[in-house]
Protein chains: 2
Amino acid sequence: MPNKNKVLFIDDDDGLQIVVGDYLEDNGFEVIGAQNGEDAKKAVKENQDFNVILLDLTLPDTQGFALLPELTASGAPVIIISGKTDTTEKIVGLEMGADDYITKPFEMRELYARIKAVMRRVDKPADSVTDAPVEKKAQKKIEFKEFYMDPSQYQVFDANGESLDFTTGEYNLLEALASSPNHVLTREYLFDLTRDGKFDVYDRAIDIQVARIRKKLSPATGEKEVIKTVRGVGYMLSTDEMAA
Amino acid sequence: MPNKNKVLFIDDDDGLQIVVGDYLEDNGFEVIGAQNGEDAKKAVKENQDFNVILLDLTLPDTQGFALLPELTASGAPVIIISGKTDTTEKIVGLEMGADDYITKPFEMRELYARIKAVMRRVDKPADSVTDAPVEKKAQKKIEFKEFYMDPSQYQVFDANGESLDFTTGEYNLLEALASSPNHVLTREYLFDLTRDGKFDVYDRAIDIQVARIRKKLSPATGEKEVIKTVRGVGYMLSTDEMAA
DNA sequence: CGCGAATGTTTCATTTTTGAAAAAAAATGT
DNA sequence: ACATTTTTTTTCAAAAATGAAACATTCGCG
């Protein structure tokens, strides 16, 4: 191996810069740090040959996302680091071309593993038979509880990977709910998200659809409703996790 | 009205550019068109005062979403135009800061209506009920004593993170009290804040609701009432902290 | 065009939430 | 301590919101 692998680490947190930087350097990487968008852009421009780019988008809200197009354009795989568990952010990130996604706080070992993984993926784009299992690019799957949803199939699966036979409409509604777990969403909001036309306050269509979804989920969840109703407001997909 | 309202229309389809452009101009807008991401960026940069930005996600160069951060940063509301009925896309778009979403094909009248709607919303941010495709912005959690209230869940939690099973009405009232801790609030004020209609001096509804709230808080607080009664005036949520 | 699946509507039952009334308790002033 | 006023408590019924079932309609596809 002639040269060390080069990592661009974009994060404005000094502490993390040091911790992550040291760790990666100890493990044979050359680490270039950037504390803000400008530095990051400059770095990619001057230095085209990064093997991996780590992008923390915790801070200036959507600012981090704006960098993504330029970063991916450099050809290097991008791993997003985020503070939120938010599913949407993950999807957006992957949708915009990031290669993987890791949530803070994370173990150094895990970060290392992911860096290795994306690099491996880039090295041999057309995977042939290898001894190492070939990881796929991170999926835009949505998960909650023991279920996961596959947008490409418009389908929901239980812990055993069994399809729950959702209709497209049911899928869409559940996805809307799952995209903001532990948030009460009004019927109107759900309506707007999942169908056209104007919402009428007395419209029970959402209720019915929720009932149908509950029925399909119930074999797996038993008594506890994953979708809680909040009287006078709307519905909420609950993961029973403590809010931070 | 001194100046026309300015619209930035980002779409690579020539046909649409003409149709939409003409229609909006006929209806009193000044329309600036952009056919790709670069032009769009340039337009917002040079021209900060758009009233609305229309973004078609199916662009040639940039991933449409990638533009979103920069567009919203300009302060103008963004309406996403998309060909797909895809719910995911809607969710992601709104979550990333777009203000509304419209699916192709659409009626000109509808587009017009939505433009009007988002402009209205920008003018008076307080307007919530009328038309609201956008989920309410993340509200801040309220804390007092060992409790915390999560507006997105309409729920109160104790120190252990256990839900106290508040009803929406109870939540609202407690929120009203908690938003002005150590201030006595009159029943009338609380009434106005938490429900519609006119307050009647002999109305004991607030009292009863307060009682219910106290009961739910009492397991955690014991004897000491968090909500203090101020005879002849109203109620006060006390944090026992010295006033500044 | 017709069939079946998917979804919306309507209606009625059930649950939850809330306010009213009455009575007890607490505070206030004399 | 007593009378008066205000607040609390309790019970209970009304109202509001939701769930469920049955039925109607729409949609997609062969």
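Below, chains carry the letters A, B, ... as their sequence lines are ordered, and counting in each starts from 1. Predicted, not measured: the structure shown is a model, and the values here were computed from it.
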Distance in angstrom units between [X] [atom1] and [N] [atom2], rounded:
| X | N | atom1 | atom2 | result |
| --- | --- | --- | --- | --- |
| B:R212 | D:dT8 | CZ | P | 14 Å |
| B:D203 | C:dA20 | CG | P | 5 Å |
| A:L174 | C:dA6 | CG | P | 16 Å |
| A:R204 | C:dT11 | CZ | C1' | 10 Å |
| A:F199 | C:dT9 | CZ | C1' | 14 Å |
| B:K216 | C:dT16 | NZ | C1' | 10 Å |
| B:L173 | C:dT18 | CG | C1' | 13 Å |
| B:E225 | D:dT9 | CD | C1' | 13 Å |

To the side chain of [X], which of [options] is closest?
| X | options | answer |
| --- | --- | --- |
| A:T167 | C:dA6, C:dT16, C:dG19 | C:dA6 |
| A:E170 | C:dT7, C:dT10, D:dT8 | C:dT7 |
| A:R231 | D:dT6, C:dT15, D:dA20 | C:dT15 |
| A:I208 | D:dA20, C:dT7, D:dT9 | D:dA20 |
| B:Y235 | D:dT8, C:dA27, C:dT18 | D:dT8 |
| A:D207 | D:dT10, D:dT18, C:dG8 | D:dT18 |

Between [atom1] on residue [X] and [atom2] on residue [Y], distance to nearest 0.5 Å:
| X | Y | atom1 | atom2 | result |
| --- | --- | --- | --- | --- |
| A:I213 | A:L177 | CD1 | CG | 6.5 Å |
| A:L237 | A:I142 | CG | CD1 | 10.5 Å |
| A:I80 | A:I102 | CD1 | CD1 | 12.0 Å |

Using five base pairs at each end, measure the axis-to-axis angle across the helix from C:dC1-D:dG30 to C:dT30-D:dA1 and round it to 10 degrees. 40°

Measure the acute angle between the ring planes of B:Y171 and B:Y154, then classify it against the limits of 30° and 60° as parallel, tilted or perpendicular. tilted

Which residues share a side chain to side chain donor-acceptor pair (under 3.5 Å) with A:R204, sequence neighbours left out: A:D207

What residue among B:E89, B:R114, B:K90 forms side-chain hydrogen bond (donor to acceptor under 3.5 Å, both in side chains) with B:Y101? B:E89

Distance alone, cut at 3.5 Å: any donor-acceptor contact between the side chains of A:R214 and A:T229? no

Applying the side chain to side chain contact (heavy atoms under 4.5 Å, CB included) test to A:E170, which of A:R212, A:E175, A:K215, A:Q155 qualifies? A:R212

Is the number of heavy atoms from other residues, nucleotides or ligands within 6.0 Å of OH (B:Y189) greater than 12? no

Going through the distances and angles, do B:S152 and A:N182 end up as a side-chain hydrogen bond (donor to acceptor under 3.5 Å, both in side chains)? CA-CA 7 Å; B:S152 67; A:N182 300 312; over 6 Å; no

Expected list for residues 186-197 of chain B near DNA chain C, using heavy atoms below 4.0 Å, is B:R195

Which part of the nucleic acid, if any, lies within contact of A:V201, taking any heavy atom under 4.0 Å across all strands shown: a base, the sugar-phosphate backbone alone, or nothing? nothing

